[in-house]
Chemist: 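First the structure, which I've put down as structure tokens, then a few questions once you've had a look.
Hydrogens, waters and symmetry mates are skipped; everything else that's a heavy atom, side chains included, is used.
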Amino acid sequence: MSNAICQASELLPLLGGATNATAAATYICDRFTTVAYAVDNTYLLFSAYLVFAMQLGFAMLCAGSVRAKNTMNIMLTNVLDAAAGGLSYYLFGYAFAFGGPSNGFIGRHSFALHNFPSASFDFSFFLYQWAFAIAAAGITSGSIAERTQFVAYLIYSSFLTGFVYPVVSHWFWSADGWASPTRTTGKLLFGSGVIDFAGSGVVHMVGGVAGLWGALIEGPRIGRFDRSGRSVVLRGHSASLVVLGTFLLWFGWYGFNPGSFLTILKAYGSPGGYYGQWSGIGRTAVTTTLAGSTAALTTLFSKRLLVGHWNVTDVCNGLLGGFAAITSGCSVVEPWAAIVCGFVASWVLIGLNKLAEKVHYDDPLEAAQLHAGCGAWGLIFTGLFATKHFVEEVYGSDRPYGLFMGGGGKLLAAQLIQILVVFGWVTFTMGSLFLGLQKIQLLRISSNDEMAGMDLTRHGGFAYLYNDEDDPSQKPGSFMMRRVEPSGGSTPSPTPY
Amino acid sequence: MSNAICQASELLPLLGGATNATAAATYICDRFTTVAYAVDNTYLLFSAYLVFAMQLGFAMLCAGSVRAKNTMNIMLTNVLDAAAGGLSYYLFGYAFAFGGPSNGFIGRHSFALHNFPSASFDFSFFLYQWAFAIAAAGITSGSIAERTQFVAYLIYSSFLTGFVYPVVSHWFWSADGWASPTRTTGKLLFGSGVIDFAGSGVVHMVGGVAGLWGALIEGPRIGRFDRSGRSVVLRGHSASLVVLGTFLLWFGWYGFNPGSFLTILKAYGSPGGYYGQWSGIGRTAVTTTLAGSTAALTTLFSKRLLVGHWNVTDVCNGLLGGFAAITSGCSVVEPWAAIVCGFVASWVLIGLNKLAEKVHYDDPLEAAQLHAGCGAWGLIFTGLFATKHFVEEVYGSDRPYGLFMGGGGKLLAAQLIQILVVFGWVTFTMGSLFLGLQKIQLLRISSNDEMAGMDLTRHGGFAYLYNDEDDPSQKPGSFMMRRVEPSGGSTPSPTPY
Amino acid sequence: SQIIMPCSTTELATFLGSNTTAAAVYICSRFTAATTQLAATTYAVDSTFLLFSAYLVFSMQVGFAMLCAGSVRAKNTMNIMLTNVLDAATGALFYYLFGFAFSFAGTHPFIGFGHRYFGLRQFPDDSFDFPFFLYQWSFAIAAAGIASGSIAERTQFVAYLIYSSFLTGFVYPVVARWFWSPHGWASAGSAGSERLLFGSGVIDFAGSGVVHMVGGIAGLWGALIEGPRIGRFDHEGRSVVLRGHSASLVVLGTFLLWFGWYGFNPGSFTRILVPYGNGQGDFYGQWSAVGRTAVTTTLAGCTGALTTLFGKRVLSGHWNVMDVCNGLLAGFAAITSGCSVVEPWAAILCGFMAAWVLIGCNKLAIRFKYDDPLEAAQLHGGCGAWGVLFTALFASEKYINEIYPGRPGRPFGLFVGGGGRLLAAHIVQILAVTGWVSLTMGPLFLTLHKLRLLRISPDDEMAGMDLTRHGGFAYAYHDDEDSNKRFRIQMDNMDKSGSAPPGFD
């Protein structure tokens with residue numbers, strides 16, 4: 001995993017005068033190698049912690065975006081995405097993804113971290129990849145929120161983290177993957193391989209397409225479209241939690257995108273110069289920031305024009321749309337291009353939301369539109385704007401690069417292939433799974449449960465209790481009672497806020 | 001603190017023939033040493049920041065777990081744990097813990113960071129240890145929540161952070177401590193010393209046992225057990241805050257456990273290999289993740305069976321139980337053993353909660369059960385499962401290791417000794433303190449205050465104000481009024497669960 | 001340029017003794033490869049340190065958002081949170097387009113210009129790299145975040161967008177130029193042999209003046225020109241507390257700011273792999289100074305919190321977590337200037353005084369009927385100014401020479417025997433910052449006011465901006481399924497304005 005920052009054979013001639021020049025060169029180089037491992041692992045570990053913080057962001061974003069009566073439910077699924085994902089990724093997910101040597105389709109070594117670490121992969125890499133895997137599962141849980149049985153969550157989440165996602169990451173990120181740009185065994189796809197640097201396709205499209213099928217198969221929440229088919233907004237219960245979650249995701253994205261370099265100690269060009277992977281990493285953080293910021297501002301003004309008022313939750317979604325899009329090309333585009341990326345991402349999201357409304361598709365967190373839609377745009381964007389110079393630095397020389405930058409259409413073709421295969425694979429696996437769950441009545445909750453809220457019927461009670469009562473057994477019928485009465489939807493609601 | 005990564009005396013003979021070889025060798029090695037200090041301090045500082053983030057996690061977890069009427073109170077104590085702890089640990093806590101050279105019982109140098117830094121300890125180490133000290137105080141505040149006078153908090157918190165905890169950490173972690181595995185002055189306890197790597201005993205048991213005595217001496221909250229002695233759940237007011245706090249603790253635990261290595265730039269075996277302390281650190285993060293995840297899943301299913309519904313706050317507590325348990329052995333056990341650790345921890349917590357109910361022990365955050373109970377299990381677990389190989393890497397060769405791994409019973413004996421002395425010492429010091437406070441009527445609040453809530457009577461008002469009123473002088477008597485009326489406890493309770 | 005050169009012929013020659021230059025050249029040439037690898041290592045370590053510090057500083061924006069949200073009334077929560085998100089987003093674009101160049105391009109002592117750096121053109125170079133840009137951006141948005149607190153709950157959204165872009169894109173970068181660019185007229189680390197202000201320059205290490213005073217004074221003028229919120233002072237002119245809607249969010253925000261401050265202050269070193277002395281493998285180096293800075297920061301904040309706790313208990317009769325949070329932040333804002341150059345014990349003094357400065361400024365604000373929902377002007381402007389003075393009084397000679405090497409005999413803290421010249425420079429800073437921000441942001445707010453773009457209408461203010469401008473209320477703890485009912489409820493909410501039970505203040 002670490003770079004060969006110091007070659008004894010290079011140092012050797014320079015030490016000509018020493019008695020034992022070979023030994024001296026080796027001695028010095030070994031120390032540099034140790035330093036490089038320590039620095040790179042430090043970098044990767046803290047990046048992994050940041051990516052983990054995104055799980056907290058998802059939990060808060062989801063909690064704030066659903067109605068109060070389903071808060072306990074959605075938060076539990078988020079905790080379990082991380083926990084169940086921890087076990088399933090340890091037991092087999094990692095092996096499917098990176099257990100080389102293997103074929104181009106699926107890995108097959110290192111189950112339960114057998115014979116680990118190796119010269120290629122260390123524990124920090126496992127931790128980093130686990131944090132990515134649970135992010136994919138977190139995305140999906142947003143699409144099917146507020147109407148899905150808890151057991152269905154457990155099943156799809158383990159399946160997604162343990163099998164569907166690892167296979168996709170094997171294709172595009174492992175050295176054996178058939179479409180990987182770092183492939184060592186065989187020809188690169190279109191002489192290029194797919195450049196999905198931090199996973200617009202591998203993570204965001206996988207999570208989003210899985211959510212799309214789940215939500216389509218379940219159908220919209222009760223009340224989401226009224227009798228005449230008009231869309232009714234079912235507002236989340238806390239904008240504060242949405243903003244908290246969004247900022248935490250932003251924070252974590254600095255681990256997600258720049259962290260995907262995996263190592264930092266590597267000079268580009270001549271050694272000793274100021275320019276190296278650290279610059280590339282910094283630039284990646286900058287492109288990420290600019291794409292998200294542009295998307296947020298674009299959403300702000302366009303929503304103002306379209307809807308007539310400012311809306312912070314829309315701005316948050318726009319921001320995340322920009323991040324999801326730049327995730328693919330973050331390391332290989334110029335900062336100005338990131339602005340283009342974010343601008344378009346915001347319109348992609350707005351357009352898909354219109355479309356979703358038209359076809360009566362209900363996604364409480366807009367997860368399919370945001371992660372699958374903007375993720376797909378991000379892959380195309382990379383095929384258009386990837387810069388020669390940066391592609392060379394990150395992946396090696398003599399490769400196709402962005403169409404608009406003069407690099408021809410090969411990279412774009414590879415990116416389009418990725419969109420198709422990711423969509424196909426996730427549709428095939430997760431679509432079947434959700435259909436099967438529905439057939440055996442394990443997918444959607446009963447309409448009574450849905451009206452009453454899952455917290456009350458399945459999770460032992462409401463998430464909030466702002467009035468302080470020590471003895472809950474007395475005097476039903478006051479305002480709190482009415483508030484969460486199982487027939488809730490039809491009850492007049494007396495609390496004005 | 002940093003490792004001698006490069007020895008001029010080793011390099012010198014290799015450069016023998018060069019002009020001024022001695023100077024050259026020294027020159028080169030000095031630069032390596034500088035790099036090592038920078039890398040190790042960077043690693044330790046960011047780990048310390050993560051551990052500090054746990055204080056935020058505690059604050060949110062505590063706030064969400066108490067009733068709304070005591071939120072201001074509990075959050076203030078959490079802020080002050082950190083603030084008062086900062087001063088008392090600076091003034092004498094650190095000196096008691098690490099102020100060597102000293103005897104085996106207590107340190108006695110570096111008060112107020114006098115003559116600091118030294119070749120052994122730098123400021124980053126102080127900061128890291130401070131973050132640990134305030135964590136111990138944070139644990140205790142959970143046990144005695146909702147019924148303790150604010151002044152009592154200030155007193156016990158300064159005493160715990162400034163004296164009780166530092167002494168314990170001196171015993172097990174300083175180079176002079178009588179039971180430390182890194183002891184340099186005298187024989188190791190049972191030829192082994194206690195392996196409490198990141199503090200299941202030193203931090204969690206200390207905080208938990210202190211809380212146990214506080215809560216026992218105060219007695220349960222009013223209404224926690226009804227007239228016929230049945231347990232009544234007094235639900236916290238916000239599950240969102242509980243989940244937020246739990247995830248932040250998880251995030252911070254990546255500083256707590258892997259950070260306890262203190263340095264990262266150290267090759268195991270000869271320099272230049274891929275395997276080194278960075279691998280150990282990554283593995284520690286993985287064992288931590290797996291133990292917590294397993295405990296969360298075990299709690300999820302067993303509570304479902306026992307209680308009949310899914311419960312996110314129980315899952316959160318289970319997760320934290322797994323973390324508290326693995327904290328002792330995180331660096332010296334295999335990942336699969338961490339799964340065993342988490343599985344048992346979850347049952348330890350469930351069992352202790354049953355026991356607590358039976359003996360009418362009331363602990364609003366289950367802190368004593370979770371941190372003391374699972375912490376003690378964690379120490380035993382280390383005595384059973386510590387691996388020879390890892391113990392050698394972390395602590396040095398030729399030592400006893402885990403009983404089940406074929407290492408004999410000496411380590412287990414040392415671990416049992418730790419459980420006994422930690423329990424005894426904390427009981428002796430904190431038990432007396434809480435008893436004394438109770439004698440002079442400084443411990444428990446009046447029952448009127450307790451019914452009304454401390455926020456209203458002592459902290460200037462209620463924590464939340466979701467209705468927006470610009471003119472507080474008009475229209476008394478609305479439902480909000482009833483909600484926080486000082487006679488609150490007697491108000492009929494309308495909540496249906 | 002800022003990198004240590006691991007093998008320098010001259011350096012090597014100095015310890016090899018006289019007439020050994022040839023030997024030094026020889027040895028150095030033998031180790032070219034090792035040297036360049038060490039350079040790469042140094043860049044990588046320093047960039048890792050700086051990047052993660054920048055991420056921490058960014059997390060302060062979460063802290064600001066939560067602190068602001070909790071400190072305003074529920075009816076304006078959506079509004080204030082949106083401004084916080086946009087501080088970061090607009091800040092990113094404007095700082096990218098020209099803010100960074102104004103701060104760090106060219107050699108003019110007052111403002112940066114030229115071809116470089118606008119839109120990050122010809123970037124990076126051997127002076128500045130992307131991690132540095134990211135770090136500086138996170139500082140710029142912090143300044144804008146401070147000001148948004150002062151004018152909360154009564155400012156038009158468009159006004160936020162305008163002032164925030166102007167502050168992040170121009171006002172703040174110019175100030176940063178003066179004190180932090182090597183070419184700035186008052187910089188302490190001036191390039192080459194340029195003359196330093198009072199032979200010293202201003203030591204505003206992490207920005208008590210550059211960030212906190214700029215944000216605080218901008219907020220001061222905004223809040224003064226707008227006037228207090230409706231109901232903040234009653235008919236007889238008595239102060240009425242308009243409590244924020246969630247103490248939990250306030251505490252969350254405060255802790256996140258504390259967390260982020262570990263990026264703000266220790267991160268301001270921007271590099272950690274710097275040996276002090278001659279690089280002889282000593283345990284003491286910039287990493288120790290970075291750690292010490294984290295310790296002084298912690299101690300100042302802790303002391304500020306405890307002082308406020310007891311001070312307020314004596315003054316107002318009850319414990320108050322919101323006040324303690326503000327006291328904590330006051331200590332941080334004050335120590336930010338001197339964090340790297342004072343002893344830990346001095347940080348305790350700093351925090352102690354900061355708490356009283358804040359209490360005093362708040363009393364003063366009430367007397368002058370100045371309304372600042374987050375006490376931002378008092379806290380960041382007032383305690384920031386105290387911090388700048390504090391540095392001039394307690395800065396230690398040893399630490400200054402370690403951090404700003406190459407100019408022996410420079411002035412240091414007055415109370416530790418360093419004479420008054422540093423103090424003079426710092427007073428100049430306070431005046432210059434106050435003057436510049438007043439001259440730029442004051443007219444901006446006045447113009448907005450004249451154009452009726454600043455303050456919202458009284459109706460909007462009573463109803464809350466969330467309802468009138470942001471599409472609805474931030475919270476919906478009841479679950480209503482249809483929009484008609486929600487509309488009625490919102491109306492209901494408006495009707496009820498003006499009623500609350502006593503006992504909430």
Side-chain angles (χ1 to χ4, degrees), chain B residues 18-20 23-24 27-31 33-35 37-39 41-42 45-46 49 52-53 55-56 59-60 63 71-72 75-76 79 83-84 86-87 90 112-113 117 119 122-124 126-127 150 241 458-466 468-472 474-476 478 480-481 484, chain C residues 6 12 15-16 23 26-27 30 34 38 41 45 48-49 52 73-75 230-231 243 245-248 251-252 255 259 262 272-273 275 279-281 283-285 287-288 290-292 294-295 298-299 302 305-306 318-321 324 328 344-345 462 464 475 497-502 504-505:
Chain B
T19 329
N20 265 309
Y27 189 84
I28 292 172
C29 277
D30 282 351
R31 263 121 198 101
T33 310
T34 300
V35 171
Y37 276 118
V39 172
N41 275 282
T42 303
L45 277 169
F46 282 94
Y49 305 157
F52 171 75
Q55 204 62 17
L56 168 56
M60 294 299 112
T71 310
M72 302 273 273
M75 290 192 304
L76 184 55
V79 174
L87 288 182
Y90 162 73
L113 292 182
D122 207 334
F123 287 104
S124 52
F126 168 80
L127 202 77
F150 186 70
L241 290 180
R458 302 284 168 209
H459 294 270
F462 204 62
Y464 301 97
L465 201 62
Y466 282 111
D468 293 310
E469 308 304 347
D470 291 320
D471 182 349
Q474 303 174 333
K475 279 233 240 166
S478 75
M480 279 293 289
M481 180 62 194
V484 291
Chain C
L12 197 52
F15 72 78
L16 289 178
Y26 175 76
I27 293 174
R30 290 287 177 271
L38 198 45
T41 304
V45 172
T48 303
F49 172 71
F52 282 94
R73 289 163 294 177
K75 64 182 180 184
I230 297 173
R243 287 164 54 99
H245 80 283
S246 172
S248 303
V251 173
L252 173 61
F255 265 120
F259 179 59
Y262 288 125
I272 193 166
L273 211 172
Q280 290 160 354
F283 69 85
Y284 184 74
W287 48 88
S288 311
V290 169
R292 191 184 62 238
V295 171
T298 307
L299 289 175
C302 292
L306 289 172
H318 54 76
W319 312 103
N320 191 326
V321 67
V324 170
L328 184 79
W345 59 260
M462 298 298 279
Y475 301 97
S497 58
S499 78
F504 272 97
D505 289 294

Chemist: Of the non-hydrogen atoms in C:Cys302 and B:Gly86, which two are nearest, and what is the gap between them?
Modeler: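 In this case the closest contact between C:Cys302 and B:Gly86 is SG-CA, 4.0 Å.
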Chemist: Picking from C:Ser248, C:Ala294, C:Pro344, C:Ser246, which has the most non-hydrogen pairs under 4.5 angstrom with chain B?
Modeler: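 Looking at each option in turn, the highest pair count goes to C:Ser248.
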Chemist: In Å, rounded to the nearest 0.5 Å, how long is the span from CH2 of C:Trp287 to CG of B:Leu45?
Modeler: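 So the CH2 of C:Trp287 and the CG of B:Leu45 are separated by 12.5 Å.
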Chemist: To the nearest 0.5 Å, tell me how far C:Arg292 CZ sits from B:Leu127 CG.
Modeler: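 One finds 13.5 Å between CZ of C:Arg292 and CG of B:Leu127.
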Chemist: Counting only non-hydrogen atoms closer than 4.5 Å, does B:Thr71 touch chain C with its backbone (N, CA, C, O), its side chain (CB onward), both, or neither?
Modeler: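 Side chain only.
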Chemist: Shortest non-hydrogen contact from B:Arg31 to C:Leu38?
Modeler: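 In terms of heavy atoms, the two residues are closest at CB-CD2, 3.3 Å.
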Chemist: Against chain B, work out which of C:Leu299, C:Thr298, C:Thr48 has the most heavy-atom pairs shorter than 4.5 Å and name it.
Modeler: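 That would be C:Leu299.
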Chemist: With rounding to the nearest 0.5 Å, note down the distance linking CG in B:Asn41 to CG in C:Leu273.
Modeler: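 Rounded to the nearest 0.5 Å, the CG-CG separation comes out at 10.5 Å.
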Chemist: With under 30° as parallel and over 60° as perpendicular, where do the rings of C:Phe259 and B:Phe52 fit, or are they tilted in between?
Modeler: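 Correct class here is parallel.
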Chemist: Could you have a look at B:Ala84, B:Ala112, B:Ala53 and say which one has the most heavy-atom pairs with chain C under 4.5 angstrom?
Modeler: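 Ranked by contacts with chain C, first place is B:Ala84.
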Chemist: Quick one: closest heavy-atom pair of C:Leu306 and B:Ala83, and the distance?
Modeler: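 Of all heavy-atom pairs spanning C:Leu306 and B:Ala83, the closest is CD1-O, 4.1 Å.
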Chemist: With rounding to the nearest 0.5 angstrom, report the OH to OH distance, B:Tyr37 to C:Tyr284.
Modeler: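 Here the interatomic distance stands at 13.5 Å.
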Chemist: Please assess B:Phe46 against C:Phe49 for the test side chain to side chain contact (heavy atoms under 4.5 Å, CB included), listing each intermediate value before the final yes or no.
Modeler: CA-CA 9 Å; B:Phe46 282 94; C:Phe49 172 71; 3.8 Å; yes
Chemist: Between B:Phe126 and chain C, with a heavy-atom cut-off of 4.5 Å, which part of the residue counts as in contact: side chain, backbone, both or neither?
Modeler: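 Only the side chain of B:Phe126 comes within 4.5 Å of chain C.
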Chemist: Side chain, backbone, both or neither: which part of C:Val251 has an atom under 4.5 Å from a heavy atom of chain B?
Modeler: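 For C:Val251, the contact with chain B is made by backbone and side chain together.
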Chemist: Non-hydrogen atoms of chain C under 4.5 Å away: do they reach the side chain of B:Leu56, the backbone, both or neither?
Modeler: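 The answer is both parts of B:Leu56.
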Chemist: Considering all heavy atoms of both residues, which atom of C:Phe255 and which atom of B:Ala59 are nearest to each other, and what is their separation?
Modeler: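 Heavy atoms of C:Phe255 and B:Ala59 come nearest at CE1-CB, 3.7 Å.
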Chemist: Taking atom OG1 of B:Thr42 and atom CZ of C:Phe52, what is their separation to the nearest 0.5 Å?
Modeler: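 Between atom OG1 of B:Thr42 and atom CZ of C:Phe52 there are 11.0 Å.
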Chemist: Show the nearest heavy-atom pair for residues C:His318 and B:His459, with the distance to one decimal.
Modeler: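 C:His318 and B:His459 have their closest heavy atoms at ND1-C, 3.8 Å.
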Chemist: Report which part of B:Met75 has an atom under 4.5 Å of a heavy atom belonging to chain C: side chain, backbone, both, or neither.
Modeler: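 The answer is both parts of B:Met75.
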Chemist: For chain B, which of C:Leu328, C:Val45, C:Leu252 has the most heavy-atom pairs under 4.5 Å?
Modeler: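 With the most close heavy-atom pairs to chain B, the winner is C:Leu252.
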Chemist: So which of B:Gln55, B:Arg458, B:Met72 has the largest heavy-atom pair count under 4.5 angstrom toward chain C?
Modeler: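 Of B:Gln55, B:Arg458, B:Met72, B:Arg458 has the most heavy-atom pairs under 4.5 Å with chain C.
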